[in-house]
There are 2 protein chains.
Amino acid sequence: MSDADDAGHRRAGRPLETVLTRPRITAAALRLIGATGYESFTMSGLARSLGVAPSALYNHAASKQVVLQWLQDHVMTMVDVAGFGAEPWDTALRRWAWSYRDIFATHVPLISIMAVLPVTGAPQTLRMYETVAAGLASARVPTAQIVPSIVALESFIFGSAFDVAAPADIFETGALAESSPIFSAAVRQGEQIQGKARADVAFEFGLEALVDRIGRLRRP
Amino acid sequence: MSDADDAGHRRAGRPLETVLTRPRITAAALRLIGATGYESFTMSGLARSLGVAPSALYNHAASKQVVLQWLQDHVMTMVDVAGFGAEPWDTALRRWAWSYRDIFATHVPLISIMAVLPVTGAPQTLRMYETVAAGLASARVPTAQIVPSIVALESFIFGSAFDVAAPADIFETGALAESSPIFSAAVRQGEQIQGKARADVAFEFGLEALVDRIGRLRRP
DNA sequence: ACCTGAACACCGTTCAAGT
DNA sequence: ACCTGAACACCGTTCAAGT
């Protein structure tokens with residue numbers, strides 16, 4: 001029975017709990033978006049996938065926005081923080097950053113929600129911050145510099161997640177190449193780099209810049 | 001007459017050109033969004049502000065998305081690139097980056113459009129890239145490193161623009177402070193920094209890291 | 001307490017009919 | 001060539017009526 005894990009929530013005299021719990025709605029939303037993407041994700045579709053009427057959802061989630069907030073916090077548990085406490089601080093930080101970028105590259109619409117959602121409403125997000133902050137603290141980064149370091153990394157990660165979704169030829173100047181000779185030449189040169197996607201080259205460059213700077217904040 | 005600048009487009013025998021040109025639609029959209037924000041920006045509202053029926057817009061713009069693309073490219077002309085060629089390369093770069101962030105902080109919904117729109121469809125955006133690329137080239141940044149440098153800066157700028165829009169207390173852990181002692185302490189310490197907004201402190205930190213790294217790419 | 005079905009208040013977009 | 005007005009195909013959300 002897939003209900004077994006919900007037994008604790010069941011009240012006496014009620015043989016079956018409703019299917020519309022936060023974890024189940026979140027899981028259904030994640031599945032649906034994985035299958036058909038964010039553009040076609042509707043409350044109607046979500047309800048259909050759960051076998052209920054659309055209006056039933058509103059007994060459990062106040063709005064579509066709230067469902068997306070649940071999803072955002074859930075997605076955060078997929079970010080790889082296993083390096084902290086197990087690897088050197090900078091290795092752990094790189095591993096975290098790459099995984100964070102990759103996950104939000106496949107969940108771009110969650111970025112705008114994440115960026116303005118207070119951590120009080122997102123416990124898993126807070127868990128992640130705590131782990132990263134602990135990693136920086138034990139690397140002897142001064143306490144006052146921890147939040148700016150995380151925010152700078154996170155801003156770079158969010159922006160880079162957008163960039164992953166961009167078409168490969170986004171910088172091809174085409175017919176306008178004559179009016180932008182220097183940039184066009186730079187784009188051509190950049191293509192020469194073998195085996196690495198443009199977005200990955202830029203992400204590595206920026207990430208190394210930030211990691212290096214954070215390293216120089218460390219107390220002796 | 002505000003029509004004077006449109007004289008070149010006017011055909012003989014037609015006393016008045018339509019009001020629905022790309023620059024006029026763009027200007028109206030910018031005015032409307034400045035007044036009431038992106039959330040309430042609709043094709044109906046845009047049409048009303050131009051004195052036409054909503055359907056009339058579709059003779060000139062294929063979709064709302066296209067109007068937003070026009071707007072994105074227009075907004076790009078407001079980014080301050082005057083430092084390039086007039087100031088040291090790093091001063092010009094900082095000036096450009098701050099102004100770029102500030103503008104997109106007030107036009108957050110354009111970020112997702114910008115991030116995936118090919119430059120061929122955005123001539124003003126391309127102009128900006130050319131100016132920045134020229135600035136880096138005359139600072140003797142190797143050609144192959146120019147695009148990764150710009151992309152890394154831009155990703156950081158976009159992510160930081162989101163952060164500006166975040167509520168000031170986004171990191172206040174409240175009742176969850178016990179489960180996140182290190183992060184909560186870091187947030188409290190971060191607040192001590194006098195006179196500067198949290199988002200600005202993080203932006204400065206990250207920007208200096210990137211500018212520093214770009215500086216180290218320069219050929220002698 | 002929680003579900004259904006119908007309805008509401010919007011959206012963006014299309015299209016026949018006009019000039 | 002370009003506008004109007006009506007219509008269409010959705011959305012998210014509300015709410016009375018049921019159990």
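Computed from heavy atoms alone, side chains included, the values below leave out hydrogens, waters and symmetry copies. Each chain gets a letter, A, B and so on, in the order the sequences are listed, and its residues count up from 1.
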Q: Under 3.5 Å, side chain of D73(A) to main-chain N/O of T125(A), donor-acceptor pair present?
A: yes
Q: Does a side-chain N-to-carboxylate-O contact under 4.0 Å join D200(B) and R101(B)?
A: yes
Q: Are the side chains of I170(B) and P167(B) in contact, using a 4.5 Å heavy-atom criterion?
A: yes
Q: Can you check the L68(A) CG to dG12(D) C1' distance for me, whole Å?
A: 12 Å
Q: Choose from dA6(D), dT13(D), dC15(D) the nucleotide whose nearest atom is closest to any side-chain atom of K64(A).
A: dT13(D)
Q: Please examine the side chains of L153(A) and I214(A), heavy atoms only from C-beta on, and report whether any two atoms are closer than 4.5 Å.
A: yes
Q: Using the benzene-type ring in the case of Trp, are the ring centres of F162(B) and F158(B) under 6.0 Å apart?
A: no
Q: Rounded to whole angstrom units, what separation is found between the CG atom of L46(B) and the C1' atom of dT13(C)?
A: 14 Å
Q: Rounded off to whole Å, could you give me the CZ-to-C1' distance for the R48(B) and dG12(C) pair?
A: 14 Å
Q: Do W98(A) and D80(A) have side chains that approach each other closer than 4.5 Å (heavy atoms only, starting at C-beta)?
A: no
Q: Quick one: on DNA chain D, does S55(A) or S40(A) contact a more 5' nucleotide (nearest heavy atom)?
A: S40(A)
Q: Show me the donor-acceptor pairs within less than 3.5 Å that the side chains of residues 29-47 of chain A make with the rest of the protein, sequence neighbours left out.
A:
residue, atom, partner, partner atom, Å
T36(A), OG1, L32(A), O, 3.1
T36(A), OG1, S40(A), OG, 3.2
Y38(A), OH, H107(A), ND1, 2.7
S40(A), OG, T36(A), O, 3.2
T42(A), OG1, G45(A), N, 2.9

Q: If you draw a 6.0 Å radius around CZ in R22(A), do more than 12 non-hydrogen atoms from other residues or ligands fall strictly inside?
A: yes
Q: Kindly check if the number of other-residue, nucleotide or ligand heavy atoms within 6.0 Å of CZ (R127(A)) is above 12?
A: no
Q: Between N or O atoms, less than 3.5 Å apart, protein on one side and nucleotides 17-19 of chain D on the other: list the pairs.
A:
none

Q: Are P109(A) and L68(A) side-chain neighbours, meaning at least one heavy-atom pair lies under 4.5 Å?
A: no
Q: Report yes if some heavy atom in the side chain of S155(B) is under 4.5 Å from a heavy atom in the side chain of V151(B); otherwise report no.
A: yes
Q: Distance check needed: dT4(D) C1' versus L20(B) CG, whole Å only.
A: 13 Å
Q: Looking at A92(A) and G83(A), what are the two nearest heavy atoms and their distance?
A: CB-C, 3.4 Å
Q: Applying a 4.0 Å non-hydrogen cut-off, can you work out what T42(B) is touching in the nucleic acid: base, sugar-phosphate, or nothing?
A: sugar-phosphate
Q: Could you check which residues of residues 25-37 of chain B get a heavy atom under 4.0 Å from DNA chain C? Sort them by number, please.
A: none
Q: Heavy atoms within less than 4.0 Å of DNA chain C: which residues of residues 56-63 of chain A have one? Give them sorted by number.
A: A56(A), N59(A), H60(A)
Q: Just how far, in rounded Å, is P of dT4(C) from CE of M43(A)?
A: 14 Å
Q: Measure across A152(A) and L210(A) and return the closest heavy-atom pair with its distance rounded to 0.1 Å.
A: O-CD1, 4.3 Å
Q: Tell me which donor-acceptor pairs under 3.5 Å the side chains of residues 179-187 of chain A have, and how far apart each pair is, sequence neighbours excluded?
A:
residue, atom, partner, partner atom, Å
S179(A), OG, L176(A), O, 2.8
S180(A), OG, L176(A), O, 3.3
S180(A), OG, S184(A), OG, 3.2
S184(A), OG, T173(A), OG1, 2.8
S184(A), OG, S180(A), O, 2.8

Q: Could you write out DNA chain D as dot-bracket? Rules: Watson-Crick or G-U wobble, both distances under 3.5 Å, brackets [ ] for crossings, | for pairs with another strand, dot for unpaired.
A: ||.|||||...|||||.||
Q: So, under a plain 3.5 Å distance rule, would you say the side chain of S44(A) forms a donor-acceptor pair with the base of dG12(D)?
A: no
